[in-house]
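Shown next, in structure tokens, is the structure this report addresses.
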Amino acid sequence: MVYKIKIKIENCQNIKNLRKFIALHNIKLILFAETHGYLNEIPVQRKIIQNTKPDLFLYEMLEENKILNNKKAQTFFNELDNKDFSVISTYKELKPTIRLASKFNLPIIGCDIKNMCQKDKNWLKKKFSREESRELIKKRALRQSKIIHQYTKKGIVFASLGAYHLRKGSITTSNLKEKKFIIVYPSFGGKETFLIPANTKEKVDSYVVRLRK
């Protein structure tokens, strides 16, 4: 399914005006709330990138790695799909996003912690206490906001992070030094939510683009 994109920004009537709006308001950051494969979000990301023309692509799932040119991207594509990229993911899961960045000749940089703070695959069976979960999220979120700020100094950044990290009041967004940015997120039944509900594919009606200050 290809989702509709709804622009809900004052004085920016449609997606074709996004680039002009970003330049006019000196916006350096576009945050994309991704669902880690639950939704077919690559076409939406492609459309946003086409109409904003960022200079850099930050990607949570790439963790602490960087793919700065097409040669490095090809090396990544040559890895077996079922090979583990980290204890969290396989190469297959990351390839569509790396391919997207490569298509636009964008350097793609990880903006999270290696293995997302997990020691091994046993994290899938472990029951974390509330305090442990909060500490893990805090460590990751602080790194995310730090890396984002590091690269917005170099140009316009398109950053794809898990939707939960981009909710209002999250550690990631609260620690951003960029006080205004574009945010793109899936709309479930017309409501703004950054917690992905059950039966996701049945409830998503569009992706919304907003200016957040």
Side-chain angles (χ1 to χ4, degrees), residues 22-23 25-37 41 45 48-49 52-69 72-73 76 84-89 91 93-94 97-98 100-102 104-120 123 128-186 192 194-196 209-213:
I22 285 171
H25 295 272
N26 194 32
I27 293 169
K28 296 291 185 180
L29 177 61
I30 303 136
L31 289 177
F32 188 93
E34 71 161 81
T35 62
H36 299 320
E41 53 206 5
Q45 291 184 328
I48 297 297
I49 291 170
T52 56
K53 296 180 171 57
D55 303 297
L56 299 149
F57 193 127
L58 301 188
Y59 184 30
E60 175 186 284
M61 297 295 288
L62 198 55
E63 299 175 0
E64 296 181 16
N65 292 271
K66 299 178 183 179
I67 300 175
L68 302 180
N69 53 54
K72 289 287 183 85
F76 191 96
D84 287 338
F85 173 76
S86 73
V87 301
I88 304 294
S89 60
Y91 278 88
E93 292 170 313
L94 274 65
T97 301
I98 307 303
L100 175 66
S102 181
F104 288 97
N105 294 312
L106 290 174
I108 183 164
I109 299 111
C111 57
D112 210 310
I113 297 173
K114 183 176 175 60
N115 293 325
M116 296 189 182
C117 294
Q118 306 301 328
K119 293 180 180 179
D120 52 45
W123 72 273
F128 293 94
S129 68
R130 182 174 294 182
E131 184 176 342
E132 287 175 320
S133 295
R134 285 177 176 172
E135 188 59 32
L136 288 172
I137 290 171
K138 182 179 179 180
K139 284 181 181 179
R140 293 178 57 205
L142 289 175
R143 177 170 173 81
Q144 289 169 355
S145 55
K146 179 182 177 180
I147 297 298
I148 286 169
H149 182 60
Q150 177 183 337
Y151 284 96
T152 53
K153 292 178 180 179
K154 301 180 180 183
I156 298 172
V157 167
F158 178 93
S160 183
L161 283 74
Y164 181 75
H165 295 290
L166 302 184
R167 69 199 188 283
K168 286 184 179 179
S170 73
I171 298 172
T172 299
T173 57
S174 296
N175 281 276
L176 288 175
K177 297 185 185 296
E178 296 68 33
K179 298 306 177 186
K180 58 181 178 180
F181 51 86
I182 298 293
I183 187 162
V184 185
Y185 59 88
E192 177 177 331
F194 291 83
L195 295 174
I196 310 305
V209 181
R210 287 190 184 276
L211 176 67
R212 189 182 285 180
K213 299 179 182 180

Is there a donor-acceptor pair under 3.5 Å between the side chain of [X] and the backbone N or O of [Y]?
X	Y	result
S102	I98	no
T152	I148	yes
N175	L142	no
E41	T35	yes
D112	M61	no
K180	H25	yes
R212	F181	no
R143	R140	no

Any [X] side-chain heavy atom under 4.5 Å of [Y] side chain:
X	Y	value
T172	L31	no
K72	K66	no
Y151	L58	yes

Non-hydrogen atoms of H165 and T173 that approach each other most closely =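 Smallest interatomic distance, heavy atoms only, reads O-CG2, 3.9 Å.
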
message = For Y164 versus S170, what's the shortest heavy-atom pair and its separation?
response =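 In terms of heavy atoms, the two residues are closest at O-CB, 4.3 Å.
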
